[in-house]
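One structure is given here, and the rest of the page talks about it.
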Number of protein chains: 2
Amino acid sequence: MKLSEGVEWGLHCGVLLGFVGPDASLPTARLAEYHGVPGAYLAKHLQAMSRAGILESVQGPGGGYRLARPAADITVLEVVEAIDGRESAFQCAEIRRRGPSARPAREYRVPCSIHSLMNRADEAWREELRRVSLADLMGQVVAGASPKGLEQGARWMQEVLK
Amino acid sequence: MKLSEGVEWGLHCGVLLGFVGPDASLPTARLAEYHGVPGAYLAKHLQAMSRAGILESVQGPGGGYRLARPAADITVLEVVEAIDGRESAFQCAEIRRRGPSARPAREYRVPCSIHSLMNRADEAWREELRRVSLADLMGQVVAGASPKGLEQGARWMQEVLK
DNA sequence: GGAGTGATACTCGGATATCTGGTGTCCGAGTTTTCGCGG
DNA sequence: CCGCGAAAACTCGGACACCAGATATCCGAGTATCACTCC
């Protein structure tokens with residue numbers, strides 16, 4: 001079970017776009033350059049986030065992506081689900097209904113206990129991600145990054161948005 | 001992010017072996033037959049569980065697998081980790097250190113906030129699976145299955161162990 | 001009848017193919033900007 | 001100098017290759033069983 005690498009990219013992009021603010025936008029190429037990742041592939045994930053209503057796209061020169069809503073209203077879970085999909089990690093194949101001890105379908109009224117447990121665990125995972133917004137992450141970045149790093153990032157952004 | 005199908009198989013096999021008890025064992029072919037899954041592939045996962053110290057293998061005719069410990073002492077998490085691996089679903093690539101705003105390594109003293117959050121979520125997921133043992137699952141099966149289904153399963157087991 | 005011995009059948013264990021989904025890339029559709037021209 | 005228009009450049013969006021890991025399978029190593037033979 002491995003989470004798509006694009007999830008990390010999407011989250012970082014979301015945080016960066018949060019710093020950019022609602023009145024400007026960054027194109028895929030800049031976002032990729034800033035994070036040191038292949039732009040052509042990053043585009044795929046940004047499109048997914050756009051379809052999910054997390055990002056807004058602006059066409060033409062000077063365009064790019066920006067957050068569709070305030071960063072405080074976007075949860076990490078939304079980003080993860082937009083990129084990695086909304087379905088649970090565990091897909092119950094109902095193998096209890098197969099083999100020599102199989103019974104007619106109507107006798108399986110209680111859901112598979114393994115399935116239930118897995119769903120519970122999955123929900124716990126999602127709940128943790130739901131608790132945190134992009135704004136929260138932005139705050140942690142500001143609090144945790146070195147002053148020089150923040151200044152360097154601000155300088156880069158100023159240069160790009162110019 | 002999709003969990004290996006083998007996890008479901010391994011858990012069901014663990015539960016079934018719990019019912020078999022510590023004095024008998026079931027070979028791969030019987031376990032596969034009971035669950036209606038390809039035996040050659042199931043073998044791979046049973047081997048993994050054996051390596052992890054969850055199952056014990058008995059060679060030769062009449063041999064097979066049995067639980068290495070009481071079912072109450074085996075958590076679902078153990079089985080999942082034995083088959084799917086022990087590492088977190090999220091692998092932080094530290095992309096914050098790349099690109100134009102990168103800083104010397106010593107300036108990154110605080111762990112990446114995204115990484116921390118993902119680890120927290122992962123731990124919540126694992127904690128749910130740690131809470132439940134194979135014995136718990138066995139109890140739920142007994143409580144939830146239809147009487148006819150239980151009898152049919154018992155009959156099959158009696159036939160196989162004969 | 002009982003013990004020893006060899007063959008046999010059955011089991012696990014790891015090494016080997018195949019295939020789906022993630023990874024990576026590309027080009028076309030659409031829009032904004034910009035430059036040139038005319039008034 | 002100002003307005004208009006066409007061209008150009010830049011952007012997103014979806015369609016197209018490639019590759020690693022999961023899926024699926026096989027055969028060899030090892031052992032308990034069983035039958036046969038001999039005492």
Side-chain angles (χ1 to χ4, degrees), chain A residues 1-10 13 17 24-33 35-66 68 80 82-85 87 89-91 93 95 160-162, chain B residues 1-10 13 17 20 23-33 35-66 68 80 82-85 87 89-91 93 95 160-162:
Chain A
M1 185 185 57
K2 201 166 67 67
L3 209 53
S4 166
E5 198 175 10
V7 168
E8 184 178 5
W9 302 0
C13 287
L17 288 174
S25 57
L26 287 180
T28 303
R30 294 291 153 273
L31 288 169
E33 167 195 339
H35 294 110
V37 300
Y41 187 31
L42 176 62
K44 200 186 190 71
H45 300 304
L46 294 176
Q47 284 166 30
M49 291 172 72
S50 178
R51 273 194 300 271
I54 296 171
L55 300 184
E56 273 181 359
S57 66
V58 180
Q59 282 274 18
Y65 288 102
R66 66 182 172 216
V80 171
I83 294 173
D84 196 65
E87 57 190 11
F90 180 82
Q91 295 297 322
I95 68 175
V160 166
L161 293 179
K162 189 172 55 183
Chain B
M1 186 184 58
K2 199 164 69 67
L3 208 53
S4 166
E5 198 175 10
V7 168
E8 184 179 5
W9 302 0
C13 287
L17 289 174
V20 166
D23 298 327
S25 56
L26 286 180
T28 303
R30 293 293 153 272
L31 288 168
E33 168 195 338
H35 294 109
V37 301
Y41 187 31
L42 176 62
K44 201 185 188 70
H45 300 304
L46 294 176
Q47 286 166 29
M49 291 171 72
S50 178
R51 272 194 299 272
I54 296 171
L55 301 184
E56 273 181 359
S57 66
V58 180
Q59 281 273 16
Y65 289 102
R66 66 183 172 217
V80 171
I83 294 173
D84 196 66
E87 57 189 11
F90 180 82
Q91 294 297 322
I95 68 175
V160 167
L161 292 180
K162 189 173 51 183

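Sequence lines set the chain letters: A, B, ... in the order given, protein chains first and strands last, and positions in each chain run from 1.
To the nearest 0.5 Å, atoms CG (B:L26) and CG (B:L46) are separated by 10.5 Å. Here CG of B:L42 is found 10.0 Å from CD of B:Q47. Values are rounded to the nearest 0.5 Å. To the nearest 0.5 Å, the span separating CG on A:D84 from CG on A:L3 amounts to 4.5 Å. If you take CD1 on A:I83 and CD on A:E5, they are separated by 11.5 Å, rounding to the nearest 0.5 Å.
For the pair B:P61 and B:L42, nearest-nucleotide mapping onto DNA chain D gives the more 5' position to B:L42. The nearest heavy atom of DNA chain C to B:K44 and to B:G60 marks one nucleotide each, and the one closer to the 5' end goes with B:G60. Both A:L46 and B:A40 sit near DNA chain D, but only A:L46 has its closest nucleotide nearer the 5' end. Mapped onto DNA chain C by nearest heavy atom, B:G64 and B:M1 fall at different nucleotides, with B:G64 at the one closer to the 5' end.
Picking from D:dG13, C:dC26, D:dT11 the nucleotide with the shortest atom distance to the side chain of A:Y65 gives D:dG13. Across C:dG24, C:dA15, D:dC12, the shortest atom-to-atom separation from the side chain of A:W9 is found for C:dG24. Checking D:dC12, D:dT23, C:dC12 against every side-chain atom of B:E5, the shortest atom distance belongs to D:dT23. Side-chain proximity of A:Q59 to D:dT25, D:dG13, D:dT11: nearest is D:dT11. Of the candidate nucleotides D:dA9, C:dG13, D:dG13, D:dG13 has the atom lying nearest to any side-chain atom of A:S50.
A sub-4.0 Å separation between OP1 or OP2 of D:dT25 and a side-chain N or O of B:Y41 is absent. Between D:dT11 and A:S57, no contact under 4.0 Å exists linking OP1 or OP2 to a side-chain N or O. Checking the phosphate oxygens (OP1, OP2) of C:dT11, no side-chain nitrogen or oxygen of B:T28 falls inside 4.0 Å.
Across every non-hydrogen atom of B:S4 and B:H45, the tightest pair is OG-CE1, 4.2 Å.
Among the atoms of the strands shown, only primed sugar atoms or phosphate atoms (P, OP1, OP2) are found under 4.0 Å from some heavy atom of A:R51. As judged by a 4.0 angstrom heavy-atom cut-off over every strand, B:G6 is placed among residues making no nucleic acid contact.
Atom-to-atom, CD of B:E8 to C1' of D:dA22 comes out at 16 Å; the value is rounded to the nearest Å. In this entry the distance linking CG of B:L3 with C1' of D:dT23 reads 15 Å, nearest Å. C:dT16 atom P lies 15 Å from atom CD of B:Q47, rounded to whole Å. Between the P atom of C:dT23 and the CD1 atom of B:I95 lies a distance of 13 Å, rounded to the nearest Å. Rounded to whole angstrom, the span from the CD atom of A:E56 across to the C1' atom of D:dG13 amounts to 16 Å.
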